[in-house]
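Have a look at the structure below before the remarks.
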Amino acid sequence: MAVISYIDAVTMAIREEMERDSKVFVLGEDVGRKGGVFKATQGLYEQFGEQRVIDTPLAESAIAGVGIGAALYGMRPIAEMQFADFIMPAVNQIISEAARIRYRSNNDWNCPIVIRAPYGGGVHGALYHSQSVEAVFANQPGLKIVMPSTPYDVKGLLKAAIRDDDPVLFFEHKRAYRLIKGEVPNDDYVLPIGKADVKRKGEDITVITYGLCVHFALQAAEKLAADGISAHILDLRTVYPLDKEAIIEAAAKTGKVLLITEDNKEGSIMSEVSAIIAEHCLFELDAPIQRLAGPDIPAMPYAPTMEKFFMVNPEKVEQAMRELAEF
Amino acid sequence: MAVISYIDAVTMAIREEMERDSKVFVLGEDVGRKGGVFKATQGLYEQFGEQRVIDTPLAESAIAGVGIGAALYGMRPIAEMQFADFIMPAVNQIISEAARIRYRSNNDWNCPIVIRAPYGGGVHGALYHSQSVEAVFANQPGLKIVMPSTPYDVKGLLKAAIRDDDPVLFFEHKRAYRLIKGEVPNDDYVLPIGKADVKRKGEDITVITYGLCVHFALQAAEKLAADGISAHILDLRTVYPLDKEAIIEAAAKTGKVLLITEDNKEGSIMSEVSAIIAEHCLFELDAPIQRLAGPDIPAMPYAPTMEKFFMVNPEKVEQAMRELAEF
Amino acid sequence: MAENRHSALGLNDEQILEMYKTMLLARRIDERMWLLNRSGKIPFVISCQGQEAAQVGASFALNREQDYVLPYYRDVGVVLTFGMTAKDLMLSAFAKSEDPSSGGRQMPGHFGQKKNRIVTGSSPVTTQVPHAVGIALAGKMEGKDLVTFVTFGEGSSNQGDFHEGANFAGVHKLPVIFMCENNKYAISVPIEKQLSCERVSDRAIGYGMPGVTVDGNDPLEVYKAVKEAADRGRRGEGPTLIETVSYRLTPHSSDDDDRSYRAPDEVAEAKTKDPIITFGAYLKEAGIMDDKLEKEINDEVMNIVNEATEYAENAPYAPPEYAMKHVYAEQ
Amino acid sequence: MAENRHSALGLNDEQILEMYKTMLLARRIDERMWLLNRSGKIPFVISCQGQEAAQVGASFALNREQDYVLPYYRDVGVVLTFGMTAKDLMLSAFAKSEDPSSGGRQMPGHFGQKKNRIVTGSSPVTTQVPHAVGIALAGKMEGKDLVTFVTFGEGSSNQGDFHEGANFAGVHKLPVIFMCENNKYAISVPIEKQLSCERVSDRAIGYGMPGVTVDGNDPLEVYKAVKEAADRGRRGEGPTLIETVSYRLTPHSSDDDDRSYRAPDEVAEAKTKDPIITFGAYLKEAGIMDDKLEKEINDEVMNIVNEATEYAENAPYAPPEYAMKHVYAEQ
Ligand SMILES: Cc1ncc(C[n+]2csc(CCOP(=O)(O)OP(=O)(O)O)c2C)c(N)n1
Ligand SMILES: Cc1ncc(C[n+]2csc(CCOP(=O)(O)OP(=O)(O)O)c2C)c(N)n1
Ligand SMILES: [Mg+2]
Ligand SMILES: [Mg+2]
């Protein structure tokens, strides 16, 4: 099995699906000749031509809306938002249209679109190139939101998203793109959307998180293990709708839960995770449900001092895990 | 003190503020000559003229965006979205612009806009005229979201919103417009944004809710009182950022908490309320934190059978409160 | 006898009688819905009245076996032409489970029927415009000969989605027909407060496509414009913007009272150009319809409306828990 | 000696020297930022190079004491003309606490400075367009004589906010100048994949406003067009759409490599029309600048850039916890 980067797993999944199914195509800003500003679609234009790797005009509502139209016809569009921050002009198309098409037509129509976008901070991207935007969409039945942490998960989940008969938002952590590498089979495989994944088994504390923070937690868990503290780590992978059973099981297992997100604290995905636990396994808890998250400020500033202040990092994670273990 | 309807309190607040401050003006679809599709701005066009009560073209992103521009200049625009469901095209202007202007300019600029919109179901409005949309915005520092339940609160909070130096989303329950009446002073008064309000004191169970559901809870509380069960009812009033102290105090008071929203359950405002409680007063709880909410389906259907299935109503509230009391 | 204008367009007498009948059926369904609404039997109506000529004239110019239509809420004439029945529409008005558009989930006017390529619509205006572009793109990718036809009001042509969709279609030379049904009002807001251009079709040049404005009360003029646009589209020459000018003869919807914003005179004046009347007169002047045939058609149409109403009124609602179905594909 | 074109526009020699100096300052600041970026001292640059003539020509035509500008990220020439200094810009490039635009919170190119009526901008393109309309509306309501000036790229003119903002301004006849700086690319996407109209200014008629296309390499032509638009606006005749055609001489930003999508020849060809060179040549031909003066100006500009760089490099960052400030008004 080859070790490849997170972003190469994105490209690999798209390429394989385009080879497999002629209905799959890519559209977005700079995805064609340039291969994407992050190079996620590199080589696809050369391989599949400009008909299937479409450089669109600079208009996100049309990227989503045209993609939705093609999906209504029966195509499998993969629309790229250049940065997750720039998905906002497309919110009406995503929430009012994609999410509701099957339901509102009583199952007559459906909308198998994938909307990919790089999110997350720590890249000197400042306010508008660093955001986590999943919470905007995580209250919209009809949508699925996938946020993988490893190259292996990226490939399996992106393929599953492309084959899914409903709309999927697929958010990729831009700092993970080249930072995170891992083993990825060359074979065709899919992973189930809607299922969380235990990334490490443990007995003393439970950490529930997703995306880049999974790696911070795994690193911290190694350090804690040296001190005899055993951490159980659940990677949500799909942040909407959540895998309730897995969350309840993971929380009940140790009775001490730390929830980590890079998003602002108030109103994040982790609010719902906490609510699920508080509703279903309150009496199995030995400590208040802790959250480690970004502060409640618009998004991370450009200046390195303030950016660092905002970002969750391995040190902050380790500290929060130790505090919980000592509770 | 006169007894007036919820919607008349909206009109009264706007009128008084327009009389008080020439910088206050109204813009939106059909707000002028027609006085709004719900009549919230009735009479204002006649009183203040078409310069201050502006019928705009049918384009929500411009309604928000032009309003933001005027606010940058120093005006006090009140923008109306005809239905909360139609705020979606304006999400980019609200989240990327209004919410971030003060922060991104390091306090050089600010954006004192109010965006009003009728939300909520039970009026045969079907999928797109019934939604609760607050969760879309309840993760955006820089914004405030106010959702009042009574005519008295409407007037005091809408005036506060208009005078606020930051952007405020003001969501009015459209079924409450004529259903809910209450005493409203003719005097000028404001109520504090960001503060929840105890609508009923009690000892046995705590209900935390907002909007129309406050009334359902109050009705149910009367019935429970007859059976010797005493309910404490907290009306959030501002759903973002939340009044954490009030929530913690109300939850700790009885140790049994029911959270009610008309929104879909997963990812609603109540997720955060639950998370705050689970983080801060877990050991004071005697029961799991319960949530009563809409099911996780896109929004309520038109057919009366299915609409009723979706909506929270007094019976569902009473039953949930009794079950919690018996826990 | 008046000049025969339809033969020159390649339409025979039978076809234009069919057009008339469809227009009339649209009108009578709409009128019935108002009665049902005023008697408390259905909660809501939104009307096609005054726009039937544009809708039917346009739809007849399309290929009903392969083209896709993305109608807006007033397009009763479009969906009837594309195969929806009076019964289907009444089932929707009554929110009954058999409603093909939504199973009673959406308000009336939110059309959709896959088998007839009537694409599901929503309430937020203009979102259908990029969808029409996407379907045309898909058709092109799949080597199909299809055209997509999308409509919207003149107020709605101010939404960003109109601009973004039209430009996309222009850049990719896609076979999309954008038809703006200009009825002079967006609820209470008159056109001069909506648009600053003289004609909605003035916007076409900004997307590198032809733009024309036609009389929306004349189904033949609309037919001609749409036919040309469809032909252009099929020839690979790209999209067209068509504006049909008519008037909304009813209030915006059953929730509206239009007397607060427009003068009775203005409405009365518009009614003299009612396309049902003027097209009926044309058929008579052209010697295609006489009083007897007119009555027969009327009776036939009323029968259809009556039967549809009765069926729909007695049809069942979806059961409450059915609300939980079809959020996602069933596994 | 060449024809004197500036006197006819009411510009004296001093003023056009000032224009030249501002253009040159913009260019030199930009060049310095690339050097700083390539040596690892600043994380990011986005350039004005090739667009200085349009930016400076336009801004000189405005009233710098009362008009509002809503620049986009390339508009170094606009903000310099409106009172931002080289030091201010360098502080922003280094993300230092004294940066007047954002206190180091935003990337460079996100201009804002209330005292100079430079309106705070963000990254999502085109959102500033409706803001310009709103400020013009406010000015009109308050009886002020002001004009607002807003810029954006040709790619960005495809966003819904352009359409919605332009239409609003047209309907309300507001004094807004919409200036599209057409530099032929939106990152890697060439204009023919962005727009299907021949000229961006073709869109003006759709908003009932005049539209003109001018040579963006000629500050005098741009000055003239903007002056006329400002005069129209102040006379209450409404908005204008101006397109300036030039070329982006650098990659899109320091993160881009333009060799993957455009030929070196094309760039080289465009460089022969570099406005710094051509306008310098005009000044010489018109006898306003000789080699000596050119050198003096250059030295003066380089001094300013050097001082600004040094100051900014040594200035402090905001402390970490300062990130918590100014989410809402302080009580
Ligand atoms: C995005 C959005 N905003 C507001 C509305 C409410 N609304 C429904 S129809 C309408 C007016 C539409 O006018 P026009 O486009 O001219 O079509 P007409 O009704 O005149 O046929 C409005 C404002 C909506 N449905 N969607
Ligand atoms: C809404 C949005 N989508 C995408 C981007 C990413 N982006 C930044 S600049 C740019 C290209 C802009 O092209 P154009 O408008 O022609 O301006 P230019 O850079 O050529 O001056 C893109 C796609 C963005 N900033 N905002
Ligand atoms: Mg209309
Ligand atoms: Mg450009």
Side-chain angles (χ1 to χ4, degrees), chain A residues 60-61 85-96 99-100 102-104 126-128 132-133 135-142 240-242 257 259 263-283 285 287-291 295-299 301, chain B residues 60-61 85-96 99-100 102-104 126-128 132-133 135-142 240-242 257 259 263-283 285 287-291 295-299 301:
Chain A
E60 283 76 10
S61 189
D85 315 67
F86 305 142
I87 203 170
M88 298 304 169
V91 163
N92 191 36
Q93 283 290 345
I94 297 169
I95 292 183
S96 303
R100 281 151 179 63
R102 183 186 294 279
Y103 191 80
R104 78 179 185 217
L127 263 74
Y128 295 100
S132 297
V133 302
V136 171
F137 302 98
N139 172 251
Q140 301 297 336
Y240 186 85
L242 284 165
V257 186
L259 311 178
D263 194 3
N264 307 109
K265 182 170 180 181
E266 182 164 352
S268 80
I269 292 294
M270 289 310 168
S271 316
E272 179 63 33
V273 175
S274 180
I276 290 170
I277 298 169
E279 201 166 6
H280 293 283
C281 48
L282 186 88
F283 297 124
L285 296 183
I289 305 172
Q290 299 296 323
R291 287 183 288 169
D296 286 318
I297 62 179
Chain B
E60 283 75 9
S61 190
D85 314 67
F86 306 142
I87 203 170
M88 298 302 168
V91 163
N92 191 36
Q93 282 291 345
I94 296 169
I95 291 183
S96 302
R100 282 150 180 61
R102 182 186 295 279
Y103 191 80
R104 78 178 184 218
L127 263 76
Y128 296 99
S132 298
V133 303
V136 172
F137 301 98
N139 172 252
Q140 301 298 336
Y240 186 84
L242 285 165
V257 186
L259 311 178
D263 194 4
N264 307 109
K265 182 170 179 180
E266 183 165 351
S268 81
I269 292 293
M270 287 312 167
S271 317
E272 178 63 33
V273 175
S274 179
I276 290 170
I277 298 169
E279 201 167 6
H280 293 284
C281 48
L282 186 88
F283 297 124
L285 296 184
I289 304 172
Q290 298 297 322
R291 286 183 289 169
D296 286 318
I297 62 179

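Convention: sequence-line order gives letters A, B, ...; per-chain numbering from 1. Computation of the quantities below employed the complete heavy-atom set of this structure, encompassing side-chain atoms and omitting hydrogens, waters and symmetry-equivalent molecules.
- Interface check for chain B: of the options P298(A), A90(A), P295(A), A275(A), the most heavy-atom pairs under 4.5 Å are formed by P298(A).
- Looking at E279(B), both its backbone and its side chain come within 4.5 Å of chain A, counting heavy atoms on both sides.
- Q140(A) contributes atom CD, which lies 10.5 Å from atom CG of D296(B) (distance to the nearest 0.5 angstrom).
- Here L242(B) is the residue among L242(B), L285(B), I277(B), I94(B) with the most heavy-atom pairs under 4.5 Å with chain A.
- Interface remark: I289(B) contributes backbone and side-chain atoms alike to the contact with chain A (heavy atom separation under 4.5 Å).
- Most heavy-atom pairs under 4.5 Å with chain A: of the set P89(B), A299(B), C281(B), S132(B), this distinction falls to P89(B).
- Both the backbone and the side chain of A278(B) come within contact range of chain A, each with at least one heavy atom under 4.5 Å from a heavy atom of that chain.
- No side-chain heavy atom of F86(A) sits less than 4.5 Å from a side-chain heavy atom of S96(B).
- Residues L282(A) and L282(B) are in side-chain contact: their nearest non-hydrogen atoms beyond the backbone lie under 4.5 Å apart.
- Heavy-atom pairs under 4.5 Å with chain B were tallied for I87(A), V136(A), L259(A); the largest tally goes to V136(A).
- Both the backbone and the side chain of I276(A) come within contact range of chain B, each with at least one heavy atom under 4.5 Å from a heavy atom of that chain.
- Interface remark: A135(B) contributes backbone and side-chain atoms alike to the contact with chain A (heavy atom separation under 4.5 Å).
- Y128(B) and R104(A) share a donor-acceptor pair across their side chains, judged by distance under 3.5 Å alone.
- With a threshold of 4.5 angstrom between heavy atoms, A287(B) approaches chain A through N, CA, C or O but not through any side-chain atom.
- Between S271(A) atom OG and N139(B) atom CG the span is 7.5 Å, to the nearest 0.5 Å.
- Counting only distance, with no hydrogens or angles, the side chain of E272(A) and the backbone of E266(B) share no donor-acceptor pair below 3.5 Å.
- Residue F137(B) does not touch chain A at all, counting heavy-atom pairs closer than 4.5 Å.
- Interface remark: of the candidates A99(A), A138(A), G267(A), G267(A) forms the most heavy-atom pairs closer than 4.5 Å to chain B.
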